[in-house]
Amino acid sequence: MKIEDIDKVNHLIGELNGMKQLIAHAEGADPVDYELFIKLPGDASIRMSGEGAASTHYQGYGVSPEFLEKLQRLAVEELDARRRSLIAELAALGVEAEA
């Protein structure tokens with residue numbers, strides 16, 4: 001392994017540990033704490049959440065608990081995909097990381 005690879009490995013391990021924490025937080029969060037924010041120009045942005053509250057900067061819409069549960073699953077799946085990607089990058093450098 002090259003010296004510059006060691007720096008990369010250390011960076012990837014740090015990112016992997018951070019990703020594991022994010023996944024734990026995302027899995028442990030209550031689905032009602034999730035929201036979808038669609039950023040649009042000016043005050044046209046849209047916030048979809050359990051409370052549906054609007055502000056002067058976005059329109060707010062209430063959504064079903066089922067929608068928020070799906071949003072949570074999607075978030076966890078996306079974070080887990082990044083975790084698997086980091087493990088693959090480490091494997092390419094000859095480092096065996098837990099799955």
Side-chain angles (χ1 to χ4, degrees):
M1 183 178 291
K2 300 175 186 173
I3 295 288
E4 57 267 8
D5 288 344
I6 294 172
D7 287 337
K8 186 172 183 177
V9 165
N10 288 334
H11 173 77
L12 291 171
I13 289 172
E15 198 172 337
L16 178 61
N17 289 333
M19 193 57 53
K20 288 177 185 177
Q21 288 179 329
L22 285 175
I23 291 168
H25 290 311
E27 288 175 332
D30 193 338
V32 298
D33 293 329
Y34 278 79
E35 63 181 46
L36 175 65
F37 188 80
I38 304 168
K39 186 176 179 180
L40 299 170
D43 295 340
S45 296
I46 303 167
R47 177 179 175 246
M48 300 170 71
S49 67
E51 65 182 29
S55 83
T56 57
H57 300 289
Y58 57 79
Q59 297 177 24
Y61 296 97
V63 294
S64 69
E66 294 80 18
F67 175 83
L68 296 173
E69 289 169 4
K70 288 178 190 175
L71 191 57
Q72 181 183 31
R73 283 193 302 274
L74 283 172
V76 170
E77 286 174 16
E78 183 64 24
L79 293 171
D80 193 51
R82 177 63 184 144
R83 182 191 64 81
R84 290 189 311 271
S85 169
L86 291 167
I87 291 171
E89 286 184 63
L90 285 165
L93 292 168
V95 177
E96 193 174 315
E98 60 189 72

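Given the structure is predicted, the values throughout are model-derived calculations rather than measurements.
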(Q) Is there a path of hydrophobic side-chain contacts, each under 4.5 Å between heavy atoms of I/L/V/M/F/W/Y residues, joining Leu79 to Ile13? (A) yes

Q. How would you list, by chain and number, every residue that makes a side-chain contact (heavy atoms from CB on, under 4.5 Å) with Arg84, sequence neighbours excluded?
A. Asp80, Ala81

(Q) Within the 4.5 Å heavy-atom criterion, are Arg83 and Leu86 side-chain neighbours or not? (A) no

What side-chain donor-acceptor pairs closer than 3.5 Å can you find for residues 34-46, not counting sequence neighbours?
| unit_1 | atom_1 | unit_2 | atom_2 | d |
| --- | --- | --- | --- | --- |
| Tyr34 | OH | Ala26 | O | 2.7 |
| Glu35 | OE1 | Arg47 | NE | 2.8 |
| Glu35 | OE1 | Arg47 | NH2 | 2.8 |
| Glu35 | OE2 | Arg47 | NE | 3.3 |
| Ser45 | OG | Leu40 | N | 2.9 |
| Ser45 | OG | Leu40 | O | 3.2 |

Q.
Show me the pairs that pass salt bridge (Lys or Arg N to Asp or Glu O under 4.0 Å) and involve residues 86-96, at least two apart or across chains.
A. Arg82-Glu89

Q | Ala54 to Gly60 - nearest heavy-atom pair and separation | A | CB-N, 3.4 Å

Q.
Applying salt bridge (Lys or Arg N to Asp or Glu O under 4.0 Å) as the test, list every pair that has at least one member in residues 62-78; sequence neighbours left out.
A. none

**Q.** Considering all heavy atoms, the nearest Ala97-Leu90 contact
**A.** CB-CD1, 4.0 Å

Q: Indicate if Val32 and Val63 have the same hydrophobic cluster label, given that clusters are the connected sets of ILVMFWY residues with side-chain heavy-atom separations under 4.5 angstrom.
A: no

Q: Work out which heavy atom in Gly52 is nearest to a heavy atom in Ser49; give both atom names and the distance.
A: N-OG, 3.0 Å

**Q.** Residue pair Ile6 / Asn10, side-chain heavy-atom distance below 4.5 Å
**A.** yes

**Q.** Spatial distance of atom CG (Asp7) from atom CG (Leu12) [nearest 0.5 Å]
**A.** 11.0 Å

(Q) Can you pull out every side chain to side chain donor-acceptor pair (under 3.5 Å) where at least one residue sits in residues 22-33? Sequence neighbours excluded, please. (A) none

**Q.** Single-linkage hydrophobic cluster Tyr58~Leu71, side-chain heavy atoms < 4.5 angstrom
**A.** no

